[in-house]
Number of protein chains: 2
Amino acid sequence: MLTRAEEDHLKAVHRLLEDGIASTNAIAERLSTKTSSVTVMLQKLTEKGLLNYQPYKGVTLTREGREQAVALVRKHRLWETFLVEQLGFGWDEVHEVAEQLEHIQSPKLVDKLDDFLGNPAFDPHGDPIPGKDGKVRLRQTKRLEMCGPGESVRIAAVSETTDGLLRLLDSRGLRIGSYLHVQDVHVFDGSMDVKPKTGAPFNLSKTVIHHLQVEPA
Amino acid sequence: MLTRAEEDHLKAVHRLLEDGIASTNAIAERLSTKTSSVTVMLQKLTEKGLLNYQPYKGVTLTREGREQAVALVRKHRLWETFLVEQLGFGWDEVHEVAEQLEHIQSPKLVDKLDDFLGNPAFDPHGDPIPGKDGKVRLRQTKRLEMCGPGESVRIAAVSETTDGLLRLLDSRGLRIGSYLHVQDVHVFDGSMDVKPKTGAPFNLSKTVIHHLQVEPA
DNA sequence: TTATATTTTTAGACGCATCTAATTATTCTC
DNA sequence: GAGAATAATTAGATGCGTCTAAAAATATAA
C-alpha cells in the first residue's frame, strides 16, 4: 500500500509524462517540494516496482505504476463529479477537496460511487473518467476554433481551467454539456458569434474559443 | 490546523470522557499505540489549547477541544449516513471508511453533505449527529427490554455494534428506523415475540433485546 | 572543445509520530 | 503506612518525508 506522499509523486509522474518527459525539476515544481526530495521518492517508488528509473536518465511508469496512477485519476474525477453534480459545488472549487478525497482507501467505495453517479464518462471539467478496468472511452472532439458557421456542438472540455476562464464561462451560462450553435466567425479577430440552446446569441473571443473542446451535437 | 494523529487522539479523549475518565492507558488501547506515545500527544494538544492536562492528574477537554472533537464526530456520522443511505453500504461495514473520510478538511463540504442528506438527526447506527453549531437533538428512547405487549416502537439505536449482532439483525430485516409491534413477552427466558411492519412475527432473544434502543412509533 | 550553466543526485540534518526501556507517581493491599 | 502492583512519564532510538548544502552528471555556448 502506498503512502499519501508516494501517491502524490506517482500521480505527478503520470501527469507529466502525458505531455513529454517527467523531469525531477517539473515533479518538484508540481508538488511544491525540492528536487532532492523527489529523487529520494523516485528511488523508493522504483524499489516498489512502480517506476523505471535510472539516475540522471529519467523516469517512466511500469505497468503496475500506471495502473495505480490511473486508479488515482479515476478517484479524483469521480469525486469531482460527485461534488459538482450532487453537492452543488462550483466546478472551479472542487480540485482541492478532490485532491484529499482521492487518497481514501476503499475499492468498494470507488465502485459504489461510480455506480451512484451513473458511471459518468467525463468529469465536470470534461476530462475522461477511467473505468474500473483503467480504460478510458475516448470521444472525437475538436477545438471550437475549428468549427464553421452552421455547426451545432456540445462543450466537451475546457483545456485550461484558470479561475478567470471558468468564471467567464460561468457568467455566460456555459459549462460542460452546454449546447452551442455557431452563427458567425469573424476572421479579423478570430472571435465567434454563438447561440446557446436557450437565450440570446453572444460573442466569444479567440482566446476563449481556443480553450473549448467540443463534440458534434 | 490539526494533523491526523492529533485528531485521532482528540477524538479518543472525547469518546472516553463520555463514560468516565480518559486514562492514558485507555487512549493508547483505543488507538492501538503505546502509552508513551499518548503522553507526548497529550502534551502537544495541551500546548495547542485543546486539552487541560497535568502530568499524572488526568485530562479534560477545553471548550475549543470539545468543539473540534464534536466537529469530527459530526463528520464521521454524516459520512456513515451517506455511505449507507446513498451508496448502499451495509451499516456494519462503514466505520473504517468513515474513519478516513472524517479527516477531510473542508467546512463547506461537511455542510453541503449535511444538506444533501436532509440534515439527518441520526446516523445508521442510531447515534445522534451534531449540528453545525455542535448541538445534538436528543430523543427520549428506552430499551426494547422495557416494553410490554401491545407497544409499537421504532428502532432508534443499537448499543453494541458487534459484527455478530449486526448480521443477526440484518438477517431479520431489522435496522435503524424499522418499526416493531411487541406481541408477547416470555418471562421465563426474557425473549419477545415481535412483528415487523410487513412480514411474519418472530422471536428475539433477551440478549438481542437488551441492545436495542427504541422510541415510541 | 573547453568552460560555464543547468540539472540531478548524494550526504547529512530536522520535525513528527512512533517505539522500547528505564524512571517516577499513584494506588492497592496487608 | 510500608511494600507491591499498576499507571504514567521521560529519555533515547527509529522510520519517514522533508530540507539545505555540496558534489556529480549532463547540457549549452563561446
Side-chain angles (χ1 to χ4, degrees), chain A residues 1-17 19-61 65 68-69 72 99-100 102-105, chain B residues 1-17 19-61 65 68-69 72 99-100 102-105:
Chain A
M1 192 153 79
L2 299 187
T3 65
R4 175 160 182 167
E6 287 167 347
E7 288 191 338
D8 283 338
H9 281 79
L10 189 62
K11 225 184 73 167
V13 170
H14 177 259
R15 173 64 190 79
L16 289 166
L17 284 175
D19 33 59
I21 61 159
S23 72
T24 307
N25 262 339
I27 299 169
E29 164 88 13
R30 206 152 207 293
L31 301 177
S32 301
T33 59
K34 303 295 174 184
T35 54
S36 54
S37 311
V38 171
T39 299
V40 177
M41 284 305 283
L42 294 183
Q43 291 165 345
K44 196 202 248 198
L45 288 170
T46 302
E47 205 61 36
K48 294 201 173 190
L50 301 169
L51 298 180
N52 301 118
Y53 162 78
Q54 284 177 289
Y56 297 104
K57 296 301 181 189
V59 64
T60 58
L61 290 160
Q68 299 239 29
L72 284 168
E99 204 73 12
Q100 296 181 59
E102 77 191 1
H103 295 291
I104 301 292
Q105 306 279 341
Chain B
M1 192 153 78
L2 300 186
T3 65
R4 174 157 185 171
E6 287 166 347
E7 289 191 337
D8 284 337
H9 281 80
L10 190 61
K11 225 184 73 169
V13 169
H14 177 259
R15 174 65 190 77
L16 289 167
L17 283 175
D19 33 59
I21 62 160
S23 72
T24 307
N25 262 340
I27 299 169
E29 165 86 15
R30 206 153 207 293
L31 301 176
S32 301
T33 59
K34 303 296 174 183
T35 55
S36 53
S37 311
V38 171
T39 299
V40 177
M41 284 304 283
L42 294 184
Q43 291 165 347
K44 196 203 252 198
L45 288 171
T46 302
E47 205 61 36
K48 294 201 172 191
L50 302 169
L51 297 180
N52 301 117
Y53 162 78
Q54 284 177 290
Y56 296 105
K57 297 300 180 189
V59 64
T60 58
L61 290 161
Q68 299 239 29
L72 284 167
E99 204 73 12
Q100 296 181 59
E102 76 190 4
H103 295 291
I104 301 293
Q105 306 279 340

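Remember, it's a predicted structure, so these values are computed and weren't measured experimentally. All values below were derived from every heavy atom in this structure, side-chain atoms included, with hydrogens, water molecules and symmetry-related copies excluded. Within every chain, numbering begins at 1; the chains are lettered A, B, ... in the order of the sequence lines, protein sequences first and strands thereafter.
- Checked by distance alone, A:Y56 brings no side-chain donor or acceptor within 3.5 Å of a matching partner on the base of C:dT7.
- Among the protein residues, A:T24 comes within range of the sugar-phosphate backbone only, with heavy atoms under 4.0 Å from sugar or phosphate atoms but none that close to a base.
- Expressed to the nearest 0.5 Å, how far CG of B:L61 lies from NE2 of B:H14 amounts to 6.5 Å.
- A:Q105 and A:E7 share a donor-acceptor pair across their side chains, judged by distance under 3.5 Å alone.
- Listed pair B:N25 / D:dA8 meets the phosphate criterion, a side-chain N or O lying under 4.0 Å from OP1 or OP2.
- Taking CG of A:L45 as the reference point, atom CG of A:L51 lies at 5.0 Å (rounded to 0.5 Å).
- Atom CD of A:E6 and atom P of D:dC16 are 9 Å apart (whole Å).
- Taking atom NZ of residue A:K34 and atom P of nucleotide D:dT18, one finds them 13 Å apart after rounding to whole Å.
- At whole-Å resolution of the value, CD1 in A:I27 and P in C:dT9 are 9 Å apart.
- Residue contacts shown for B:T39 include a base, since a base heavy atom lies under 4.0 Å away.
- Protein atom CD of B:E29 is 16 Å distant from nucleotide atom P of D:dT6, rounded to whole Å.
- In this structure A:Q43 satisfies the side-chain hydrogen bond (donor to acceptor under 3.5 Å, both in side chains) test with no other residue, sequence neighbours excluded.
- Residue-to-nucleotide proximity on DNA chain D shows that, of B:Q54 and A:S32, the 5′-proximal contact is made by B:Q54.
- In this structure, CG of B:L45 is placed 13 Å from C1' of C:dC16, rounded to the nearest angstrom.
- Contact between the side-chain N/O atoms of A:K57 and the OP1/OP2 oxygens of D:dA25 is not found at any separation under 4.0 Å.
- The distance between atom CE of B:M41 and atom C1' of C:dC16, rounded to the nearest whole Å, is 9 Å.
- A distance of 14.0 Å separates NZ in B:K11 from CD1 in B:I27, rounded to the nearest 0.5 Å.
- A:Q43 has its CD atom 14 Å from the P atom of D:dC16, to the nearest Å.
- Listed pair A:Y53 / C:dT9 meets the phosphate criterion, a side-chain N or O lying under 4.0 Å from OP1 or OP2.
- Using a 4.0 Å cut-off on heavy atoms, the residues of residues 8-16 of chain A that approach DNA chain D are A:H9, listed by number.
- The two residues A:T35 and A:A28 have their closest heavy-atom pair at N-CB, 3.7 Å.
- To the nearest 0.5 Å, the span separating OG1 on B:T46 from CG on B:N52 amounts to 7.5 Å.
- For a distance-only test at 3.5 Å, the side chain of B:S36 qualifies as a donor-acceptor partner of the base of C:dT20.
- The CG atom of A:L42 sits 14 Å away from the C1' atom of C:dT10 (whole-angstrom rounding).
- Taking every side-chain heavy atom of A:S37 into account, D:dC19 is the closest of D:dA8, D:dC19, C:dT9.
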